[in-house]
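Accompanying notes for the structure given below.
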Protein chains: 2
Amino acid sequence: MRQNIYLSNISLNEAINIFLEKIKDFKVETEYVKTYEANGRITAKPIFAKISSPFYNSSAVDGIATVAKKTFTATDKNPVRLKEGVDYVVVDTGDPIPDEYDCVIMAEDLIWVSQDEVEIIKPAIPWQNIRQIGEDIVEGQLILPQSHRIRPADIGALIAGGVFEVEVYKKPKVAIIPTGTELVEPGEELKVGDIIEFNSRVFAAQVKEYGGIPTRFDIVKDDFEKLKAVVDKASKEYDIILLNAGSSAGREDYSKKVIETLGEVYIHGIAIKPGKPVILGKVNNKPIVGIPGFPVSAYFIMENIVKKLINFVQGYDIKDKDKRYIEATLSKRIMSSSKYLEFVRVKLGFIDGKYIAAPIERGAGTTMSLVRADGILEIPEELEGYEKGTRVNVNILKSEDEIKNTILCIGSHDLILDIAADLLAKRGKFTLSSAHVGSIGGILSLKDRETHFATIHLLDVETGEYNKSYVKRYIPNRKIALIKFVKRIQGLMVKKGNPLEINSLEDIVKKGARFVNRQKGSGTRILLDYELKRLGINPKDIIGYEREEYTHISVAAQIAKGNADAGLGVFSAAKIMELDFIPIANEEYDIAIPVEYLELEGVKQFLEVINSEEFKNEIDKLGGYDYSNLGEIIIIE
Amino acid sequence: MRQNIYLSNISLNEAINIFLEKIKDFKVETEYVKTYEANGRITAKPIFAKISSPFYNSSAVDGIATVAKKTFTATDKNPVRLKEGVDYVVVDTGDPIPDEYDCVIMAEDLIWVSQDEVEIIKPAIPWQNIRQIGEDIVEGQLILPQSHRIRPADIGALIAGGVFEVEVYKKPKVAIIPTGTELVEPGEELKVGDIIEFNSRVFAAQVKEYGGIPTRFDIVKDDFEKLKAVVDKASKEYDIILLNAGSSAGREDYSKKVIETLGEVYIHGIAIKPGKPVILGKVNNKPIVGIPGFPVSAYFIMENIVKKLINFVQGYDIKDKDKRYIEATLSKRIMSSSKYLEFVRVKLGFIDGKYIAAPIERGAGTTMSLVRADGILEIPEELEGYEKGTRVNVNILKSEDEIKNTILCIGSHDLILDIAADLLAKRGKFTLSSAHVGSIGGILSLKDRETHFATIHLLDVETGEYNKSYVKRYIPNRKIALIKFVKRIQGLMVKKGNPLEINSLEDIVKKGARFVNRQKGSGTRILLDYELKRLGINPKDIIGYEREEYTHISVAAQIAKGNADAGLGVFSAAKIMELDFIPIANEEYDIAIPVEYLELEGVKQFLEVINSEEFKNEIDKLGGYDYSNLGEIIIIE
């Protein structure tokens with residue numbers, strides 16, 4: 001079974017250095033642009049002022065321009081009287097100072113004795129309140145060095161200094177070429193095996209943010225000659241080529257071969273995860289990057305390599321200028337291979353004055369992990385991971401202010417949390433960020449002060465009561481408010497029409513149905529085990545008992561698509577996926593929150609949201625919930 | 001003498017709250033845009049996935065898809081043999097899994113026995129290496145909440161979730177109206193009293209960065225009726241109006257009157273400095289901001305008010321999301337009025353593991369202070385300033401990485417520093433940031449560990465020797481390397497043709513020439529005082545002895561424009577300003593640097609730059625320097 005699977009494994013920094021060294025002679029051309037259109041551009045030359053600013057002496061205040069000497073004898077008792085036209089002229093801020101005057105006295109210090117006469121009771125100092133020639137900018141002075149990214153305030157200084165055109169590097173033209181027979185355009189009819197092409201659209205937005213001009217090419221099917229022709233042409237017309245997918249070692253991957261044929265491959269494979277199978281090379285003297293197809297891999301290659309490249313060809317070395325880091329406490333142990341620099345996506349919260357980082361999905365294919373991430377934890381190549389509680393540096397994707405305005409919820413997931421999150425976001429200030437680790441996971445996070453609240457539905461199998469005893473047992477040292485949220489109907493989800501005629505848990509075994517389970521520690525799993533025990537069913541007799549999903553809706557999706565016959569979950573998930581639903585039990589889904597957090601503004605707003613009519617209306621639309629006790633608070637000490 | 005000078009003095013936050021409350025019913029309309037064109041836009045509605053991603057089960061690796069049950073008995077000794085087409089199909093990463101198979105075995109775990117047969121030596125687990133339906137996104141799942149700014153990665157998730165169009169707020173159309181009879185367009189012939197209009201160009205760049213669409217209007221002269229007509233029309237066609245200048249209380253300021261006539265003024269005057277005389281109001285139901293004319297005032301109003309406004313009308317509350325702060329040590333005492341929140345521009349350096357903030361010019365008219373600033377220190381209303389050495393929070397305008405790559409030079413200024421800064425910037429990584437406080441100021445900064453090095457030219461009036469004794473006396477506790485830089489000719493600068501026939505310092509007094517001096521503590525001042533003493537000249541006999549400028553070139557500029565007849569300075573400054581030059585003395589301009597800093601990469605590069613031929617060639621072009629000792633190092637302990 002075919003092809004080379006031998007990629008190199010050099011470090012990211014080493015790879016970038018080699019690549020940039022190889023292409024260092026390639027720079028985009030320069031051009032002259034109007035200064036007022038130059039924002040964000042990189043200067044090609046140092047820029048010196050052509051005129052001074054101000055280029056005449058002007059008044060810094062509203063008042064009168066006069067001669068300082070005439071005021072030298074002024075005192076309270078012997079004021080000096082000055083006459084308009086003879087001794088002074090009235091000036092406003094910015095007005096020029098006529099040559100015969102050498103100071104300005106502020107309006108507040110004048111005593112008006114007539115329409116055109118004033119008295120002064122203290123002497124003026126020569127040049128007081130005068131903005132002298134060149135006070136801001138002196139002719140010939142360096143305004144901006146070369147290799148400087150022009151900002152709005154620079155535009156003001158340049159124009160003030162008489163520079164109305166500037167020489168800057170042209171924006172690099174970046175060709176984005178999506179390749180792959182499996183790719184289809186958005187809107188085309190989807191067949192099994194098709195993948196909607198979207199990486200190129202993400203790249204285009206990124207390239208624009210980095211300061212380049214993206215051009216997205218049509219999808220090129222996996223055909224060596226065709227791809228070669230497209231890359232050859234693109235490399236003659238564009239400054240940088242991005243070739244997407246086809247950079248792994250799979251059998252249909254032509255990227256490397258095409259680049260080798262037309263030019264040179266410098267590097268294939270970098271010790272990062274995700275993103276390893278990247279290709280760095282040159283075709284027709286233009287840099288080309290073969291970007292892996294998995295969207296998360298592609299994202300990190302864009303952020304860590306292509307961003308530098310787009311700046312580099314404009315003579316601008318960005319290093320890690322735009323990355324911002326904070327120190328956070330890791331909420332759980334995380335392992336990583338010592339062969340790679342790994343980029344781990346994390347959720348961030350600000351709890352009791354400390355940042356908390358909670359790792360989320362690590363797959364390279366999960367676009368949602370990038371949407372949901374608040375930050376990136378970079379685990380260095382030489383480390384095998386971090387223990388829970390380690391203080392780590394996290395590259396933040398939001399501002400610290402946004403993170404501080406995030407209410408963190410760790411616990412069991414329910415669709416109504418998404419609705420609450422949306423209604424809270426609509427108010428503008430706070431956002432709800434939820435990490436789905438099941439009820440017990442949520443309670444443990446509360447205990448370790450890693451979340452603002454936990455959403456839980458934990459059945460006490462001794463008493464048949466929900467939640468209270470768990471909070472008491474697991475969090476003995478904190479005063480917790482248990483806020484009643486909703487009762488929800490848990491039931492068996494089965495394919496529409498219930499073809500296997502499943503009406504109870506016993507039927508799962510009897511009919512040999514393929515089951516799909518929730519993960520250990522989830523409230524639904526505890527409920528299932530409780531019911532199985534009560535009914536005397538051995539879990540081993542259930543096909544698929546060990547197959548775990550992390551949310552209600554992913555269980556429902558498996559059944560909808562025919563990968564399983566039954567699963568336990570809530571009504572709303574069954575409804576969205578158009579499944580039949582057989583009620584099994586009512587469970588209590590509540591919010592456990594330390595009493596002191598009830599005073600946080602974000603928490604208050606969240607509680608307002610869930611008590612609002614708007615929220616209840618949305619719940620009604622989902623169906624399967626009883627919110628008659630919503631908002632009741634039980635204090636557990 | 002006229003007009004109301006009574007502005008209100010409410011706090012910035014209070015003013016913003018009042019203003020946003022008053023205009024809260026105004027929002028821009030929404031529109032549907034292609035998802036791939038939606039980067040940076042604000043969502044108007046929550047966005048839910050229309051399809052699952054993946055929407056079929058697919059392989060997560062390269063290998064074979066097979067049935068897990070068939071492999072259950074596989075061991076080293078009893079391998080299971082599988083046949084293509086019967087027991088398995090070959091799959092690549094991303095390929096769909098045919099319904100009859102339930103797992104994928106990686107290529108690495110296969111033993112090929114023939115072209116179409118493999119052996120397996122350990123059992124597969126059902127669903128291993130399969131990306132299940134909805135693993136990334138489940139149909140119906142919330143992808144983005146409302147009031148969310150779309151980022152590149154979001155575009156990927158939206159398209160993957162089948163969302164090809166999104167409802168977003170329209171970009172606010174912002175009218176920028178420059179007003180003032182004194183304003184002229186760049187390129188027009190300049191007369192005394194003219195000001196080149198550039199604020200509107202800065203605003204346009206800022207508005208674009210904030211997410212609006214700027215339209216810059218022609219300059220409107222100070223004419224009430226005309227201005228009223230323009231504002232009235234603009235407020236019907238645009239979403240936000242920015243009226244520039246005319247917001248102070250000067251006699252030609254119509255902004256307030258125009259807004260009052262057409263609509264309502266909510267606030268005139270906010271307790272900030274610079275920026276106090278801002279106007280916030282509404283005309284034809286559209287928000288309007290009267291922005292002060294001083295460029296630095298205008299900048300802070302844009303950053304602190306208009307940015308929020310542009311987001312607010314799109315349902316997006318930015319708070320201070322984009323401001324980043326670091327903690328820095330203040331390098332000198334700074335006083336501020338307790339009546340205002342003051343924005344002080346600072347230079348930042350990273351010295352011995354600590355950030356150092358050095359305040360620079362505070363005038364509202366100095367555009368260069370914004371160009372040169374690395375950060376903004378916000379002194380709260382209730383404080384009267386900070387003592388030297390206080391740890392303060394600074395809002396940084398560069399990234400921490402850029403600041404860490406800045407070599408800080410505090411001391412005496414010379415044009416050759418600008419040349420060195422430019423050549424260093426060209427290399428890409430490090431920048432030289434110099435604060436001009438004179439030689440003694442530089443030495444004191446070295447002593448207090450607030451700069452990487454100081455540039456000095458200090459004459460020991462006892463020995464006639466330069467620099468060494470000062471370093472020894474002021475910095476007894478650090479091992480300092482004195483790096484010989486250049487000898488430069490100091491001389492009298494006089495108007496071209498030397499109309500007063502000044503040929504020595506004595507002539508200044510004799511001819512009654514108007515002198516312009518350098519500030520106390522500068523090397524040039526010490527040289528002047530030394531020479532005056534030597535010649536027995538009483539400083540009181542020199543007209544303008546007390547008039548101080550901070551750089552050679554600003555002294556030269558004063559003479560060039562006729563504000564003074566003579567000043568002491570270097571040849572290069574005289575040459576740029578086309579002045580005559582009468583040599584007085586040769587002085588030694590050197591670099592004092594702690595020995596341990598010689599190992600810093602940035603310092604090494606700086607030293608490479610000043611020892612380069614390129615640098616020496618540039619110095620030759622200026623003239624007036626002798627660099628025969630450049631690079632010699634004297635260690636002073």
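Chain A is the first sequence line, chain B the second, and so forth, proteins listed ahead of strands; every chain is numbered from 1.
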Side chain / backbone / both / neither for B/K575 at chain A, heavy atoms under 4.5 Å: neither
Separation of B/R324 CZ from A/R324 CZ (nearest 0.5 Å): 4.0 Å
Contacts of A/N563 that satisfy side chain to side chain donor-acceptor pair (under 3.5 Å) - sequence neighbours left out: A/Q558, B/N57
Between A/E209 and B/N39, a side-chain donor and acceptor under 3.5 Å: yes
Partner chain B: residue of A/K561, A/R547, A/H148, A/K426 with the largest heavy-atom pair count (under 4.5 Å): A/R547
Separation of A/E182 CD from B/D95 CG (nearest 0.5 Å): 8.0 Å
Pair B/E546-A/I125, side-chain contact (heavy atoms from CB on, under 4.5 Å): steps then yes or no: CA-CA 10 Å; B/E546 67 293 328; A/I125 300 160; over 6 Å; no
Atom pair OG (A/S53) and CD1 (B/I195), whose distance is rounded to the nearest 0.5 Å: 8.5 Å
Step-by-step side-chain contact (heavy atoms from CB on, under 4.5 Å) determination, A/Q146 to B/D422: CA-CA 6 Å; A/Q146 59 195 309; B/D422 180 56; 2.9 Å; yes
A/A204 versus chain B, the contacting section by heavy-atom distance below 4.5 Å: neither
Options B/L423, B/D154, B/V296, ranked by heavy-atom pairs under 4.5 Å with chain A, top entry: B/D154
Atom of B/V138, atom of A/M577 and distance for their closest heavy-atom approach: CG1-CE, 3.2 Å
A/E165: partners by salt bridge (Lys or Arg N to Asp or Glu O under 4.0 Å), with sequence neighbours left out: none
Heavy-atom closest contact (B/F198 atom, A/A160 atom, distance): CE2-CB, 3.6 Å
Polar side-chain atom of A/R151 near backbone of B/V371 as donor-acceptor pair, under 3.5 Å: yes
Pairwise distance CZ(B/R201) to OG1(A/T35) - rounded to 0.5 angstrom: 10.0 Å
Residue among A/L190, A/I51, A/I137, A/L370 with most heavy-atom pairs under 4.5 Å to chain B: A/L190
B/E549, part contacting chain A, at a heavy-atom distance under 4.5 Å: side chain
Heavy-atom proximity to chain B below 4.5 Å, by part of A/K34: neither
Heavy-atom pair with the smallest gap, counting every atom of B/K191 and A/F55: O-CZ, 3.4 Å
Residue selection (most heavy-atom pairs with chain B, distance under 4.5 Å) from A/I155, A/D194, A/I419, A/D102: A/D194
Gap separating the OH atom of B/Y325 from the OG atom of A/S399, nearest 0.5 angstrom: 10.5 Å
Greatest number of heavy atom pairs closer than 4.5 Å to chain A - which of B/E197, B/R427, B/R131, B/E37: B/R131
From CA spacing to verdict: side-chain hydrogen bond (donor to acceptor under 3.5 Å, both in side chains), B/Q141, A/D418: CA-CA 8 Å; B/Q141 175 186 352; A/D418 288 350; over 6 Å; no
Worked check of side-chain contact (heavy atoms from CB on, under 4.5 Å) between B/F294 and A/T93: CA-CA 10 Å; B/F294 275 130; A/T93 308; 3.4 Å; yes
B/D136 (side chain) donor-acceptor with A/M368 (main chain) under 3.5 angstrom: yes
Within 6.0 angstrom of B/K208 NZ, more than 12 heavy atoms from elsewhere: no
side-chain contact (heavy atoms from CB on, under 4.5 Å) assessment of B/I576 paired with A/E139: CA-CA 8 Å; B/I576 283 180; A/E139 190 183 324; 5.7 Å; no
Proximal component of B/A425, with respect to chain A [non-hydrogen, under 4.5 Å]: both
Per-residue contact mode, B/A373 against chain A (heavy atom under 4.5 angstrom): backbone
Residue, of B/G94, B/G40, B/A157, that accumulates the most heavy atom pairs under 4.5 Å with chain A: B/A157
For chain A, the option from B/S147, B/A557, B/P46 that forms the most heavy-atom pairs under 4.5 Å: B/P46
N/O donor-acceptor pair under 3.5 Å between B/Y56 side chain and A/G193 backbone: yes
Interface residue of largest heavy-atom contact number with chain B, from A/A205, A/P96, A/A421, A/P152, under 4.5 Å: A/P152
Winner by heavy-atom pair count (cut-off under 4.5 Å) against chain B, out of A/A153, A/P295, A/S52, A/P186: A/P186
Residue among A/I196, A/T431, A/V192 with most heavy-atom pairs under 4.5 Å to chain B: A/V192
Chain B contact via A/M302 - which portion, at a heavy-atom distance below 4.5 Å: neither
